[in-house]
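Report on the structure given below.
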Number of protein chains: 2
Amino acid sequence: MTAEIVAIGTEILLGDIADTNSQVLGKLLAAHGVAHTRSSTIGDNLDRCVAAIGEALSRCDIVFTIGGLGPTRDDITREAIAAVVEENLVTDDAARRAIREYVESRNFRWVDAMSRQAMKPETARLIDNPVGTAPGVFWEGNGKAIIALPGPKNELTAMANGPVKQYLAGLSQAAIISRTLRIVGIPEISVEEVVKDLVESDNPTVAPYAKTGEVHLRITARGKTDQEARRLLAPVASMIQERFGKACFGSDEVDLPTEVLQLLHSSKRTLATAESCTGGMLGERITSVKGASSSYLGGAIVYTNELKARLLGVARTDLDRYGGVSETVARQMAGGVRRTTSADFGIAITGIAGPGGGTEEKPVGLVYVAIAGTRGTEVREEKFRGDRETIRYRSTQVALIMLREELLRD
Amino acid sequence: MTAEIVAIGTEILLGDIADTNSQVLGKLLAAHGVAHTRSSTIGDNLDRCVAAIGEALSRCDIVFTIGGLGPTRDDITREAIAAVVEENLVTDDAARRAIREYVESRNFRWVDAMSRQAMKPETARLIDNPVGTAPGVFWEGNGKAIIALPGPKNELTAMANGPVKQYLAGLSQAAIISRTLRIVGIPEISVEEVVKDLVESDNPTVAPYAKTGEVHLRITARGKTDQEARRLLAPVASMIQERFGKACFGSDEVDLPTEVLQLLHSSKRTLATAESCTGGMLGERITSVKGASSSYLGGAIVYTNELKARLLGVARTDLDRYGGVSETVARQMAGGVRRTTSADFGIAITGIAGPGGGTEEKPVGLVYVAIAGTRGTEVREEKFRGDRETIRYRSTQVALIMLREELLRD
């Protein structure tokens, strides 16, 4: 069973809004084992709309359209579908009455053009819209189907999780289970080398996705029942975890900050941060996790050398001699924030995020990350490429990876 | 001049990620007067990729592809383009060397498959990627062009705003000038009321966009020359600025943190921050602006009451009596960080971001923002609705708005 999506809306093509509706439908299709093979976006133009829907219908079993079901003249989806299936448009009288009642109940003035929303190709039927006035349209013929859904996000979501879900559940023969494992500290290409045999397998499938500073491996298993799909998935997940060892962690919901906080929590350790070039990003990422307060105490943002000395006790002679971006200063920052806050671990980041401020000796992208704990202090030197945001993000990523490694060493 | 986008990535079709890259390119095309007529998303499948790129090229003048330029075997965009334009793939030796140098500089092991990223159709040329290893590909022939860009958001954005922008500027016949004005502290519906007459006009067009904590008004003027477009745009921009007064600020590049830093810089004042529930997000937003160090000193993240007392001198009796989330504590945090860092202004945020931790008296969303300056200390109480991220973001937004108002009062 294959499906395509055709999203209709000039505002998407102009970049005024991002098409997040297709993501909602895409997830739903994946969860029901329907292969989503292509999605297209076109503007509010009848000819292009007819062409896009017609092409999609020739390639797949179910075509979803999103948008263009409103009452105004640039809402042309109904006309386009009628043209594709070569039927006349007719008005559904019950739907027309229901729309009118709703409009008048909200004290809006009824305008005749509103009855456009009750129109449908002759053999199609309308799908009730629980949160708006525009009903959806369902057409079936030649073993294929067209399902037209409204564009406003809340209406699309309500209809996707209601009638569309029900329809897909009726079609679905297979149960599909997915799980994502995260790999840190190993580049994508090397990750792929290690799971080459699994990537080639059919069921479960394993697909690598590169993120900034980590690689995700998504395992998807298909079975006749949920249980069968789970039984197929489990050994592949174990195999991956075995092959990557400590570099592998997490599941769908557990990202790196969450993982680190869980490790801190279970070992009853506390953490404090000292940030220069990242200016609070590390603290922000850690505290984006709910319940972070059980292990994270806080720390200092020391954007100037003066504050590095004043808040963290970094030696002014070392700041003068080695500069704020140096191994020595990173080390003292980590130790200083650990001492000041009485945390078990102090993490420090100091570097040159750019675009200005780089020299030949200390180029943009040079970052020192230090972690101070009971076992002493470890400092890592990194030379990142990228813009200011990338360098800052990667710095926090390395800090979290170093802390995770330290916690796993226990 | 027409363009289409072909985004390549199974993870988009599965709904794992939303395709926000097409929005970035869509905006850029609109700004340069290139008609964006269709965008498509397909999976990592060579045949479908060849078909989609081929069809797009037959319909329009410029085809952009996004994604599938990585080193792994499911990165098939280079092969697909070569098949569409019927050329062999060859390796660009200089690019291969550059990629290898970068990989080794990061202490990753070189794997031969990485050189895949240096391949291109014979007559194409590679486009330098300033923030990642995968270069883009530019092919031209029969009066048409294919431009292949990498999928990671930061790489796509860097290349869109660099080489792609330059290329589009060279093509453009009509001059189109856009400018975004930002309005803070007024809800969208009221903003729209004030500019109703302008929203109805044709050239320049004025379009309102609601963002979290601010409303953007985008003015777009079209003329035969840049000069003509500018002449049309200027009076509308002035009119909007007049109508909104101090609530209106900024242009495309100047967001709220940038505006605040410019005001601090020009008045030679310095700033320090003290954050509880935002955990560093305010510092992160301020330091996301390059050159922030000229006015921003740093500050403290005080996630626990103990650190509020220890780092900022908040009275322990007040912490006991009023709790960490209170007007009194916010006031002392702002004063404390100002004193500790010798900054001209101290800003403090303390609140309950949720989802847990709320009580009837102090519900999730209760946030105190305080600003301490030469004129004394001002505290604002807010009751935000929304999830943890929204509450934290809105808190930093209020802090920046309060500081801006204080700076404009001078």
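Everything quoted here is computed from the prediction, not taken from an experiment. In what follows, every heavy atom counts, from backbone to side chain, and hydrogens, waters and symmetry copies are set aside. Order of the sequence lines fixes the chain letters, A, B, ..., with proteins taken first and strands second; residue numbering starts at 1 for each chain.
- Between B:Asn154 and A:Glu389, the closest side-chain pair of non-hydrogen atoms is not below 4.5 Å.
- From B:Leu297, atom CG reaches atom CG of A:Leu307 across 5.5 Å, with rounding to the nearest 0.5 Å.
- For the atom pair B:Thr270 OG1 and A:Tyr303 OH, the distance stands at 15.0 Å (nearest 0.5 Å).
- Contacts of B:Ala207 with chain A are absent, with no heavy-atom separation under 4.5 Å from either backbone or side chain.
- A salt bridge links A:Glu200 to B:Arg73: at least one charged side-chain nitrogen sits closer than 4.0 Å to a carboxylate oxygen.
- Contact between A:Ile189 and B:Ala113 at its shortest, heavy atoms only, is CD1-CB, 3.5 Å.
- Counting only heavy atoms from C-beta outward, the side chains of A:Tyr296 and B:Ile301 approach each other to under 4.5 Å.
- Annotation: side chain of A:Arg218 is in contact with side chain of B:Asp16 (closest heavy-atom distance under 4.5 Å).
- Of the charged side-chain nitrogens involved, at least one lies within less than 4.0 Å of a carboxylate oxygen, so that B:Arg38 and A:Glu55 count as a salt-bridged pair.
- Residue contact with chain A, scored on non-hydrogen atoms closer than 4.5 Å, involves the side chain of B:Glu275 exclusively.
- Residues B:Thr287 and A:Thr278 come closest through the heavy atom pair OG1-O, 3.9 Å.
- Scanning for salt bridge (Lys or Arg N to Asp or Glu O under 4.0 Å) contacts around A:Glu306 gives A:Arg310, A:Arg316, with sequence neighbours left out.
- Between A:Arg392 and B:Glu284 a salt bridge is recorded (basic side-chain N to carboxylate O distance below 4.0 Å).
- Remark: A:Ser22 engages A:Asp19 in a side-chain hydrogen bond (donor to acceptor under 3.5 Å, both in side chains) (not counting sequence neighbours).
- Heavy-atom distances place the backbone of B:Pro130, and not its side chain, under 4.5 Å from chain A.
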